[in-house]
Amino acid sequence: MSIFSIYNTQSRDLQTVNVTGRPVHIYCCGPTVYRDAHVGNLRTFLLADLISRTLKLSGLDVLLIQNITDVGHMSEDFESEDKMLSQAKLEKVDPFEIARKYEEKFHTDLARLNIAPAKSYPRASETIPGMLSSIQTLIENGSAYVSESGSVYFSAESFPSYGAISGNRLDSLKPGHRYEYSDDGEKKFHADWALWKSAGNRSEMVWDSPWGRGFPGWHIECTAMSLDLLHSHVDIHVGGIDLRFPHHENERAQSNSIIGSEAVDLWVHGEHLLFEGRKMSKSANNVVLVEDLISQGLDPLSLRLALMENRYRSQMDLTWDSLRAANSTLNRWRSAMANWGSSETIGFDSEIHSALLADLDTPRALLRLRAVEKDQLLTPMQKREIFNYADQVFVLDLKRVVEVKPLTSEQSALLESRATARANKNWGESDRIRDLLARDGIVVSDNPEGQSWAWSN
RNA sequence: GGUCGGAUGGCCGAGAGGCGAGGCAAGGGACUGCAAAUCCCUCUACACGGGUUCAAAUCCCGUUCCGACCUCCA
């Protein structure tokens with residue numbers, strides 16, 4: 001059996017996934033649910049999906065866990081306001097209502113992109129006891145300390161291999177370099193971080209703890225959840241490149257300090273998505289949501305295809321052009337599939353299989369699919385069966401029969417009069433009607449068998 | 001200042017010592033009453049300077065430029 005290999009940020013090398021006798025444990029850092037997930041966020045969630053599906057293609061079981069951060073995690077800095085709480089103030093509702101609303105939308109977006117649901121989506125707010133016991137363990141074994149105000153900090157120096165994922169060294173993280181470092185005076189060392197932050201003057205989203213009322217630090221939720229739900233061992237940990245430091249570095253220090261060994265085998269990071277040449281951000285005003293694609297008349301799966309045209313490890317510039325290109329490819333493939341018959345058999349293609357196994361080389365797999373489409377030595381049935389095979393991972397709904405919105409009676413009448421005009425070689429009238437229909441988004445074309453029509457989107 | 005990646009045709013992007021991916025756009029042709037769709041063809045590139053080699057986009061050294069991260073971030 002061929003083996004899946006993928007790039008491990010920590011070892012800076014391709015690493016194979018060798019798991020037998022149990023499911024592959026995957027943990028993917030999920031959304032902070034204070035706003036809509038944009039298409040860049042979705043690129044990372046798609047990455048976890050592609051990994052899971054490729055492993056399944058190779059006959060492995062997968063246990064995927066993805067957290068929902070519904071507790072503000074601006075705990076390092078009291079000056080900036082917590083995102084969840086400030087959004088709640090803005091929308092004038094209970095912060096948990098905000099969280100549930102965006103959590104719901106997150107699931108909707110995943111479904112639109114055919115991203116298979118994880119086994120579970122633990123919420124930070126419902127994992128407080130687990131976090132408290134993780135923190136307790138860290139205090140007991142000397143990895144963490146309690147401050148005067150009742151906050152708990154992780155001691156970075158207690159973890160000798162700190163920095164292994166990101167390449168950062170503790171002395172390079174000293175204040176005085178480019179970033180602005182602020183300290184509330186409670187940390188013993190500049191690189192320490194909060195595991196638990198005392199409530200201060202906060203009254204919402206705070207919990208009781210052995211150290212007083214407060215709220216958890218951002219990094220501890222992933223430690224608590226992954227150790228608990230994945231039985232203290234993560235085979236593949238997935239997240240966006242920006243989480244490499246500090247989030248994953250800190251999570252690793254916490255998890256390893258609790259279990260006394262390496263908790264994660266493989267750290268996989270997805271690169272960022274740019275849109276029209278710039279990083280997607282509110283200030284650049286180029287945040288794109290799945291809804292925006294839909295309102296442009298694009299199939300959301302054209303995003304899935306467009307994202308797969310690039311490797312997950314390279315920064316990618318998404319444009320409306322590339323989305324439209326993907327959308328028309330999708331339409332072309334679906335109608336080709338319909339023309340190739342109705343076989344439900346799942347074929348096999350070794351090139352596609354090996355491309356996916358080789359560090360998720362989706363561009364090469366798609367290239368092969370295009371070659372299959374054009375290959376004159378393959379029968380239509382063979383083509384369809386190879387497409388069926390590929391669609392287990394691509395999940396572009398290639399078998400979907402393009403459903404056609406019915407015409408209004410006026411539009412049907414126009415089509416009929418055009419056919420009559422054409423029969424009479426009344427070209428002027430025929431073209432006039434064609435223009436009329438085009439305004440309704442109906443494209444008319446003439447074939448030897450007569451005229452046919454289609455919706456332009 | 002530290003760390004991690006990049007630079008390929010009009011644009012987006014694979015490729016990682018020899019055979020010039022693919023897509024989009026553009027131009028030409030076939031088909032058509034004219035179109036559309038489709039098919040065929042065309043446009044032939046690897047930041048710069050050295051080096052290694054029979055052979056470099058690919059390896060090595062140097063240079064320039066670009067992006068990401070450095071305590072909010074997918």
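Because the structure is predicted, anything quoted here is derived from the model rather than measured. Protein chains get the first letters and strands the later ones, always in sequence-line order, with residue 1 at the start of each.
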Base rA36(B) to side chain Arg434(A), donor-acceptor N/O within 3.5 Å cut-off: no
Under-4.0 Å salt bridge between Glu104(A) and Lys101(A): no
Between Ser417(A) and Thr420(A): side-chain donor-acceptor atoms closer than 3.5 Å: no
rU63(B) pairs with, by Watson-Crick or G-U criteria that keep both distances under 3.5 Å: rA47(B)
Pair assignment for rU53(B), Watson-Crick or G-U wobble, requiring both distances under 3.5 Å: none
Touch class at under 4.0 angstrom, heavy-atom based, for Leu243(A) against every strand present: sugar-phosphate
Salt-bridge present (Asp321(A), Arg324(A); N to O < 4.0 Å): yes
Sugar-phosphate, base or nothing in reach of Gly270(A), heavy atoms under 4.0 Å: nothing
Sugar-phosphate, base or nothing in reach of Arg43(A), heavy atoms under 4.0 Å: nothing
Carboxylate-amine/guanidinium proximity below 4.0 Å for Arg304(A) and Glu309(A): no
Touch class at under 4.0 angstrom, heavy-atom based, for Ser166(A) against every strand present: sugar-phosphate
Touch class at under 4.0 angstrom, heavy-atom based, for Asp431(A) against every strand present: base
Sugar-phosphate, base or nothing in reach of Arg418(A), heavy atoms under 4.0 Å: base
Sugar-phosphate, base or nothing in reach of Arg422(A), heavy atoms under 4.0 Å: base
Donor-acceptor pair present, Asp321(A) side chain and rC12(B) base, under 3.5 Å: no
Sugar-phosphate only, base, or nothing, as touched by Ser430(A) at under 4.0 Å among non-hydrogen atoms: base
Touch class at under 4.0 angstrom, heavy-atom based, for His269(A) against every strand present: nothing
